[in-house]
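Accompanying notes for the structure given below.
All values below were derived from every heavy atom in this structure, side-chain atoms included, with hydrogens, water molecules and symmetry-related copies excluded. We count residues from 1, following the sequence as given.
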Amino acid sequence: MRRVSYQFPKTFDCSLLVRKPFSCCLERIAALSSMQDNFRTEKGAVKREIHLQVACNRLDFETASLQALSGVSDEADFLLTISDTVLKSDGYRPEPAQKFMVKLLDNGGVTEIYVSHTTNPQMISSKDAAEYIYQVMA
């Protein structure tokens, strides 16, 4: 079964080639569905939340869990949302969420991954989003 979306753009910003089977990549990318990260920038401390959704019914998206990804073969489209919140002593300030479309394609023992930015302004690059994907694949 393929989980694809009509919303995936015709062009992409960057791509990855992962030398792992498609089923293994699906299991690993599911780890992004509720990931959090904390770091410091010139703005102050930042809490980053990452949410991953998988395509359903070619138009909608649902939370990407191992159960939702069972039975997926050949191709899967995901919506990756990265939300940053700047934490300051006088409160917190949420930044606009950045959304990326991610496509995984089965190519034998290799999985092709395409990443495309879907929101403006582009505060986080597609390469930064691809880095999160690459980390969970390693």
Side-chain angles (χ1 to χ4, degrees):
M1 168 179 72
R2 294 172 43 198
R3 306 268 324 245
V4 295
S5 171
Y6 290 129
Q7 299 174 30
F8 198 87
K10 301 293 183 211
T11 61
F12 55 90
D13 299 328
C14 65
S15 64
L16 300 168
L17 189 63
V18 179
R19 301 197 181 281
K20 294 186 189 237
F22 183 75
S23 60
C24 179
C25 289
L26 281 178
E27 289 175 11
R28 291 184 180 226
I29 201 167
L32 287 175
S33 64
S34 60
M35 185 176 174
Q36 287 188 359
D37 191 13
N38 296 310
F39 54 93
R40 291 200 169 276
T41 66
E42 65 279 352
K43 296 178 182 178
V46 176
K47 179 177 114 178
R48 177 168 284 172
E49 294 177 312
I50 301 173
H51 298 284
L52 186 74
Q53 297 176 306
V54 65
C56 69
N57 304 330
R58 297 192 182 257
L59 291 174
D60 298 322
F61 289 90
E62 66 182 359
T63 301
S65 63
L66 289 176
Q67 183 181 8
L69 296 176
S70 64
V72 176
S73 62
D74 298 336
E75 184 176 358
D77 290 348
F78 296 91
L79 180 63
L80 179 71
T81 305
I82 300 177
S83 303
D84 287 349
T85 303
V86 178
L87 308 171
K88 296 200 174 229
S89 59
D90 60 340
Y92 62 91
R93 189 182 77 238
E95 299 286 326
Q98 300 293 294
K99 296 186 183 233
F100 301 88
M101 295 292 292
V102 179
K103 180 181 284 291
L104 270 67
L105 287 172
D106 186 5
N107 195 1
V110 177
T111 303
E112 299 174 37
I113 302 173
Y114 300 97
V115 181
S116 181
H117 206 291
T118 62
T119 55
N120 283 319
Q122 297 180 2
M123 301 172 76
I124 301 171
S125 73
S126 294
K127 291 188 186 225
D128 291 338
E131 184 62 32
Y132 280 107
I133 296 167
Y134 184 75
Q135 286 175 6
V136 296
M137 295 298 168

Tell me, do [X] and [Y] make a side-chain contact under 4.5 Å, heavy atoms counted?
X: M101; Y: V115; result: no
X: F100; Y: D128; result: no
X: F78; Y: I133; result: no
X: D84; Y: I124; result: yes
X: T85; Y: V46; result: no
X: Y132; Y: L80; result: no
X: N38; Y: R48; result: no
X: C56; Y: F61; result: no

### Message
The criterion is side-chain contact (heavy atoms from CB on, under 4.5 Å); which residues satisfy it with L66, sequence neighbours excluded?
### Response
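By the side-chain contact (heavy atoms from CB on, under 4.5 Å) rule, L66 matches E27, A30.
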Applying a strict under-4.5 Å side-chain criterion to I, L, V, M, F, W and Y, I'd like to know whether [X] and [Y] cluster together.
X: L16; Y: M35; value: yes
X: V136; Y: I82; value: yes
X: L69; Y: L52; value: yes
X: V18; Y: L104; value: yes
X: V54; Y: I113; value: yes

Do you know the tightest heavy-atom contact between [X] and [Y]?
X: T63; Y: A68; result: O-CB, 3.8 Å
X: P21; Y: T111; result: C-OG1, 3.5 Å
X: V72; Y: F22; result: O-CE2, 3.9 Å

### Message
Check this for me, if you would: do D74 and R2 make a salt bridge, where the nitrogen-to-carboxylate-oxygen distance has to be below 4.0 angstrom?
### Response
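The answer is no: the pair does not qualify as a salt bridge.
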### Query
With a 4.0 Å cut-off, would you call E95 and K43 a salt bridge?
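So E95 pairs with K43 through a salt bridge.
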Between [atom1] of [X] and [atom2] of [Y], what distance do you get to the nearest 0.5 Å?
X: Q7; Y: S116; atom1: CD; atom2: OG; value: 12.0 Å
X: C14; Y: E131; atom1: SG; atom2: CD; value: 10.0 Å
X: K103; Y: F8; atom1: NZ; atom2: CZ; value: 5.5 Å
X: D106; Y: S73; atom1: CG; atom2: OG; value: 8.0 Å
X: E75; Y: L105; atom1: CD; atom2: CG; value: 5.0 Å

So, does [X] use its side chain to make a donor-acceptor pair with the main chain of [Y] at under 3.5 Å?
X: K47; Y: F39; answer: no
X: R28; Y: M137; answer: yes
X: Q122; Y: H117; answer: no
X: R3; Y: A55; answer: yes

#### Entry: Enclosure of K20 NZ (heavy-atom neighbours >12, cutoff 6.0 Å)
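Atom NZ in K20 is crowded, with more than 12 foreign heavy atoms closer than 6.0 Å.
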### Query
With H51, which residues qualify under ring pair (Phe, Tyr, Trp, His ring centres under 6.0 Å), at least two apart?
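In terms of ring pair (Phe, Tyr, Trp, His ring centres under 6.0 Å), with neighbours along the sequence ignored, H51 is linked to no residue.
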### Sequence-distant partners of Y114, ring pair (Phe, Tyr, Trp, His ring centres under 6.0 Å), two or more places apart
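For Y114, the residues satisfying ring pair (Phe, Tyr, Trp, His ring centres under 6.0 Å) (neighbours in sequence not counted) are F12.
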### Message
One pair to check against side-chain contact (heavy atoms from CB on, under 4.5 Å): T81 and I50. What are the steps and the verdict?
### Response
CA-CA 6 Å; T81 305; I50 301 173; over 6 Å; no
### Task
Verify whether one side chain among D13 and S126 offers a donor that lies under 3.5 Å from an acceptor in the other.
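There is such a pair between these side chains.
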